[in-house]
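The chains referred to below are lettered A, B, ... by the order of the sequence lines, with proteins before strands, and numbering in each begins at 1.
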Amino acid sequence: MEDVDNPFKKRFQTILKVLQESTKENDVQLIDGGEHANLTSTIAFSLAKKEKKPPGTIAQECAKEISSNPEFKLLGITIEAKGPYLNFQYNNIPEKDLLKDAIKPGYGSLKKKSARVVLEHTSANPNGPLHVGHIRNSIIGDTLARTFRKAGYNLEVQYYVNDMGRQIAIVVWGFDNLDNTQLKGEKEDTHIARIYIAANRELEKNPGITQQVDHLMQLVEGGDITTVKKFRKEVSRCLDGFVVTLKNLNVAHDRFVWESDFIRNGDTKRIIGRIKKLPQEKEEGSLALDLSEWGFENKYVIRRSDGTTVYAARDLAYHTWKAANFDRIIDVLGADHKLIGAQLICTLKLLGEKAPQIVHFEFVSLPEGSMSTRAGKFVSADDLIAEVTKRAFDEVTKRRPELDESTRRAIAKSVGLAAIRYDIVKVSPEKSTVFDWKEALDFERQSGPYIQYAHARACSILEKAEKFTECFDLETEYELAVAKQIAKFPATIEKVVSELRPHLLAIYARELADTFNTFYHFEPVLKSEGAIRDRRVTLVKAVQNTLKESLETLGIDAISTM
RNA sequence: GGGCGAGUGGCUUAGUCAGGAUAGAGCGUCAGCCUCCUAAGCUGAUGGUCGGGGGUUCAAAUCCCCCCUCGCCCGCCA
């Protein structure tokens, strides 16, 4: 399989070449023709100025000159001047060729690549359950991961476990000094959050506790066995809770990488040694880098004056390790990490290491303000999943009362998951959002369930169609619109990977569902006969398969009935 | 104060990087469509100074400058 939908690329390049030769211009301004044509050139505008002739006339002349080009004839490209626009139309519809691929399993997969890619996402601090902000990271990360795999990359997904931060020291202090009993049925991560919140309250009341927390951090960095064990125990328990939540979101990691391992294996010490040799190094009790030359106002601290390392040191060690083991590094991080991310990249470059590409997403807040684990102000992902699934179950029961309960439960689980994942992935990452229960519980238009429904509808038609002969002709406006959208799928996968923007896939899938629903409304499939029926059933098959591949790449179940 | 991001109909949002032909969509409101392939659907109507002001260009939501509003960041926290 090729990386780009070739029939289109070939035509694009042919038109480009012919236009360049004809106009003697390098930039022939070839753009998408939208509803007017497959491709359009606006070159007549700039030529008008040079040749002092109206653009309309130039377009006419140019069209006349190149319309009989033998390559155009061969590929079935026609040209028409409409006002100043040069419109190119493909008559040997390349959509047809792609339709043959589109009915096969795996449509949209690109050719295998040898590069090893590591993608880090979620990496939330293990001091409380994942909330609706964290899962924006998980869902963007997991969708990217699925798209990279579909695009043929050899990918490993990692979770970086911050197991030696101050928050964890506070958690451990809480377990040591406060009532730490786990409530009946209380999930591990929720338990940790409760103790963490209580410990923070104590800390506010009595700032003297800070010294005890600092002491714990020194002990853990020094490798004190009992302290390390305590940290590991609570962090592990919290991660167990995370894994359950993530599994319910259809998100999985290949490897959990523990921050403290980079202390234990000496990597952090080694990276500090290398940093000390940099000309930007500033050692005045603490160890830091002066990156002002690159526009960073504040110094980048690597090691405290008490000799303990800060997060940055371990993160540098982690990324150096990634650079040694992978060809390409991608991190999904919240917008709050923009500055330190840039400092990290800058430092890695100074060290001559491969730097990560960082995908940043803006914050999710609640109507009453920003979320805070410490203050206990958050909507947990578990609660969200429970509510949405409940709502989905009610909806399925209302629509399909004849189904038995376990079937309805299974559909509700898939529908709920679709609603959550789609709701989050559909908006572009640079947009900050406010969590809204009403929107989260909406299963109509522009939602995951809407796309699932279009897929289920296609499945139903195919089931009823039984026998048909594959036919790749396209006649009506609606058939063509659907085929055109199907044909865009491989290019969409490629675009998501190259731009690291998974919401493009979400938009694509919704538009495919839209065009299919319109087609469904206007063009009878099962009630048509002969060749018309064959070509429409074939088209439905292609839609069903493309929707399935799209949904699965979005981490959403392509269910056949709902 | 400085840096980064966002501002598109009442609400949510695509398009902005690679400027082009009437700025797409959903929710809401209003009017229609289930003896007909799944109505989680479809059709139509309503609704837009693309935050404001300059500039570049034949052409600006899109590029440049200034300003306003909101979010995030500016720790020997992570």
Side-chain angles (χ1 to χ4, degrees), chain A residues 27 29 31 33-36 40-42 44-46 48-49 54-55 82-85 87 123-125 127 162 164-168 217 259 284-288 295-299 301-312 314-315 334-340 342 360-363 365 370 392 395-396 398-400 415 419 426-434 436 438-439 442-454 456-465 499 503-504 506-507 510-511 513-514 517-518 520-528 536-537 540 561-562:
Chain A
D27 177 14
Q29 300 169 22
I31 56 171
E35 61 193 286
H36 309 283
T40 294
S41 169
T42 56
F45 288 109
S46 40
K49 220 179 170 188
K82 186 128 191 208
Y85 297 95
N87 288 337
S123 302
N125 278 317
N127 57 357
N162 304 131
M164 49 186 304
R166 183 161 212 94
Q167 307 91 323
I168 309 309
M217 289 178 72
E259 187 182 7
E284 303 155 337
S286 65
L287 175 67
F296 298 103
E297 288 179 29
N298 301 318
K299 56 184 185 175
V301 177
I302 307 294
R303 196 182 59 197
R304 300 185 184 91
S305 38
D306 71 357
T308 58
T309 56
V310 295
Y311 175 80
R314 281 103 64 178
D315 207 19
D336 54 339
H337 284 68
K338 275 185 188 175
L339 178 61
I340 55 158
H360 288 291
F361 62 94
E362 291 290 329
F363 263 47
S365 58
S370 52
E395 205 60 33
V396 178
K398 200 167 79 191
R399 292 161 194 274
R400 305 291 299 278
V415 168
K426 74 177 175 186
V427 332
S428 46
E430 63 270 18
K431 223 99 171 178
S432 51
T433 63
V434 176
D436 181 352
K438 190 172 165 281
E439 262 173 59
D442 181 12
F443 301 154
E444 295 184 352
R445 303 274 197 97
Q446 304 200 340
S447 76
Y450 166 82
I451 303 166
Q452 284 179 309
Y453 190 76
R457 169 179 272 169
C459 286
S460 171
I461 293 172
L462 291 171
E463 197 185 341
K464 290 190 173 123
E499 298 185 9
H503 82 287
L504 297 174
I507 305 289
R510 196 205 74 217
E511 284 175 348
D514 283 343
N517 279 333
T518 307
Y520 169 86
H521 182 74
F522 289 106
E523 314 274 27
V525 177
L526 298 176
K527 268 175 281 170
S528 53
R536 287 188 184 161
V537 177
V540 171
T561 182
M562 63 189 279

### Message
We want to know whether A:Y450 and A:N517 form a side-chain donor-acceptor pair, criterion being a heavy-atom distance below 3.5 angstrom.
### Response
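There is such a pair between these side chains.
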Looking only at side-chain N and O atoms, does [X] come under 4.0 Å of OP1 or OP2 in [N]?
| X | N | result |
| --- | --- | --- |
| A:K431 | B:A14 | yes |
| A:Y311 | B:G75 | no |
| A:S286 | B:C76 | no |
| A:R304 | B:C77 | yes |
| A:R445 | B:G28 | no |
| A:Y453 | B:C42 | no |
| A:K464 | B:U38 | yes |
| A:S428 | B:A14 | yes |
| A:H503 | B:G15 | yes |

So what does [X] hit on the nucleic acid, given a heavy-atom distance under 4.0 Å: a base, only sugar-phosphate, or nothing?
| X | answer |
| --- | --- |
| A:L287 | nothing |
| A:F296 | nothing |
| A:R510 | sugar-phosphate |
| A:Q29 | base |
| A:A48 | nothing |
| A:H360 | nothing |
| A:V537 | nothing |
| A:E35 | base |
| A:R314 | sugar-phosphate |
| A:T518 | sugar-phosphate |
| A:D27 | nothing |

Side chain of [X], heavy atoms from C-beta onward: which of [options] has the nearest atom to it?
| X | options | result |
| --- | --- | --- |
| A:T42 | B:A78, B:G7, B:G20 | B:G20 |
| A:K82 | B:C77, B:C37, B:A21 | B:A21 |
| A:I507 | B:U38, B:A14, B:G41 | B:A14 |

Can [X] be classed as stacking with the base of [N], given a centroid separation cut-off of 5.5 Å and a plane angle cut-off of 30°?
| X | N | value |
| --- | --- | --- |
| A:Y85 | B:A21 | yes |
| A:H521 | B:G41 | no |
| A:F363 | B:G71 | no |

Looking only at atom [atom1], what distance separates [N] and [M], rounded to whole Å?
| N | M | atom1 | value |
| --- | --- | --- | --- |
| B:G75 | B:A14 | P | 32 Å |
| B:C63 | B:G19 | C1' | 7 Å |
| B:G15 | B:G24 | C1' | 8 Å |

### Query
When syn is taken as a glycosidic angle within 90 degrees of 0, is B:C66 syn or anti?
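Anti for B:C66; the angle lies over 90° from 0.
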### Residue whose nearest RNA chain B nucleotide is more 5′ - A:E362 or A:G165
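Result: A:E362.
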